[in-house]
Amino acid sequence: MIATLQCTVIDCPDPAALAAFYGRILGWRVDDSDPEWANLTAEDGRRLAFQLAPDHQPPRWPDPAYPQQLHLDFDVDTIEDAERAQQELIELGATFLHDSGGVRSGFRVFNDPAGHPFCICYGQS
């Protein structure tokens, strides 16, 4: 091993707002005391960070001319859980993009408020 992963950093136009969005999804603690950087930390120390990128150009999934660069996958147990999550995510500011159409397992794709795609996966664990 050469190193350990400190965190994943996501570029965005408003670090505090995007950290709060993902904080509501995960229930993690938000530290947005720096206007150019926000941390989202789990009780066990896992961390996501959000970095100010004033000229951020969001991806346009699935358009390959504007690739997603990275995306986050979140697990829920059932399709019913995914349906509940979808409603809550839209209320938080996410945009629904795609449903894989799976009955027992599948995923739903959303954009976060800064335009990054992410998935709610169900029936996969």
Side-chain angles (χ1 to χ4, degrees):
M1 177 174 77
I2 295 172
T4 59
L5 179 65
Q6 180 192 73
C7 66
T8 299
V9 180
I10 299 172
D11 287 355
C12 59
D14 186 342
L18 202 55
F21 173 81
Y22 283 108
R24 294 284 307 271
I25 292 172
L26 294 167
W28 293 6
R29 182 177 48 83
V30 175
D31 175 1
D32 61 1
S33 58
D34 180 339
E36 295 187 5
W37 186 277
N39 287 309
L40 190 59
T41 307
E43 286 188 23
D44 65 5
R46 288 175 293 158
R47 194 170 62 153
L48 289 173
F50 303 87
Q51 174 177 271
L52 178 64
D55 297 324
H56 173 69
Q57 297 297 314
R60 296 183 190 166
W61 184 90
D63 184 349
Y66 301 89
Q68 64 181 331
Q69 301 158 14
L70 89 116
H71 76 272
L72 301 171
D73 285 348
F74 300 96
D75 280 328
V76 297
D77 291 329
T78 67
I79 192 169
E80 292 81 16
D81 295 327
E83 290 167 358
R84 275 191 299 278
Q86 180 169 333
Q87 289 301 319
E88 291 180 46
L89 292 167
I90 290 169
E91 290 171 10
L92 289 174
T95 303
F96 173 75
L97 298 176
H98 174 75
D99 183 343
S100 69
V103 175
R104 295 186 196 274
S105 68
F107 59 92
R108 294 186 180 178
V109 183
F110 301 84
N111 271 353
D112 69 23
H116 303 103
F118 68 94
C119 298
I120 295 294
C121 305
Y122 56 92
Q124 298 185 17
S125 53

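Reckoned from all heavy atoms, side chains included, excluding hydrogens, waters and symmetry mates. No experiment lies behind these values; they were computed from the predicted model shown.
Under the 4.5 Å side-chain heavy-atom criterion for ILVMFWY residues, a single connected hydrophobic cluster contains both Leu18 and Leu92.
In this structure, CG in Asn111 is found 8.0 Å from CZ in Phe118, a value given to the nearest 0.5 Å. Separation of atoms CG (Asp44) and CH2 (Trp28) is listed at 7.0 Å; rounding is to 0.5 Å. Rounded to the nearest 0.5 angstrom, His71 NE2 and Ile10 CD1 are separated by 11.5 Å. Atoms OG1 and CG, from Thr8 and Leu40 in turn, are 11.0 Å apart once rounded to the nearest 0.5 Å. The CD atom of Gln57 sits 10.5 Å away from atom CD of Gln69, with the distance rounded to the nearest 0.5 Å. How far CG of Leu72 is from CD1 of Ile120: 10.0 Å, rounded to the nearest 0.5 Å.
Residues Ala82 and Val76 approach most closely at N-CG2, 3.7 Å, considering heavy atoms. Annotation for Pro58 and His56: closest pair CA-NE2, 3.5 Å, computed over non-hydrogen atoms. Shortest non-hydrogen contact noted between Leu89 and Phe21 is O-CE1, 4.2 Å. When all heavy atoms of Ala19 and Val30 are compared, the closest pair comes out as O-CG2, 3.7 Å. Counting all heavy atoms, side chain and backbone alike, Pro13 lies closest to Leu52 at O-CD1, 3.3 Å. The heavy-atom pair separating Gly93 from Pro113 by the smallest distance is O-CG, 3.8 Å.
Annotation: side chain of Phe50 is not in contact with side chain of Val9 (no heavy-atom distance under 4.5 Å). Between Pro117 and Pro59 there is a side-chain heavy-atom pair separated by less than 4.5 Å. For the pair Phe74/Leu26, a side-chain contact is recorded, criterion being any heavy-atom separation below 4.5 Å from C-beta on.
The pair Glu43-Arg29 does not count as a salt bridge, with every side-chain nitrogen at least 4.0 angstrom from each carboxylate oxygen.
Judged by distance alone, with hydrogens and angles left aside, the side-chain atoms of His116 form a donor-acceptor pair with the main-chain N or O of Asp11 at under 3.5 Å. Judged purely by atom type and a 3.5 angstrom limit, Gln68 has no side-chain atom pairing as donor or acceptor with the backbone of Pro62.
Taking a 6.0 Å sphere around CZ of Phe96, one finds it holds more than 12 heavy atoms contributed by other residues, nucleotides or ligands. Around CD of Glu36, the count of heavy atoms belonging to other residues, nucleotides or ligands within 6.0 Å does not exceed 12. Heavy-atom contacts from other residues, nucleotides or ligands closer than 6.0 Å to CZ of Arg24 number 12 or fewer.
In this structure, a donor-acceptor pair under 3.5 Å is present between the side chains of Ser33 and Asp31. A donor atom on one side chain and an acceptor atom on the other are not found under 3.5 Å apart for Tyr122 and Asp81.
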- Task: In sequence, state the C-alpha distance, the side-chain angles, and the governing distance for Thr95 and Phe110, and then conclude on side chain to side chain contact (heavy atoms under 4.5 Å, CB included).
- Result: CA-CA 5 Å; Thr95 303; Phe110 301 84; over 6 Å; no
- Task: Start with the C-alpha gap between Asp63 and Trp61, add the side-chain angles, then the distance that decides, and say whether side-chain hydrogen bond (donor to acceptor under 3.5 Å, both in side chains) holds.
- Result: CA-CA 5 Å; Asp63 184 349; Trp61 184 90; over 6 Å; no
- Could you check Phe107 against Asp73 for side chain to side chain contact (heavy atoms under 4.5 Å, CB included), going step by step and ending with a plain yes or no? CA-CA 9 Å; Phe107 59 92; Asp73 285 348; over 6 Å; no
- May I have the step-by-step check of side chain to side chain contact (heavy atoms under 4.5 Å, CB included) for Arg108 and Ser100, ending in yes or no? CA-CA 6 Å; Arg108 294 186 180 178; Ser100 69; over 6 Å; no
- Give the intermediate values and the outcome of side chain to side chain contact (heavy atoms under 4.5 Å, CB included) for residues Leu48 and Asn39. CA-CA 6 Å; Leu48 289 173; Asn39 287 309; over 6 Å; no
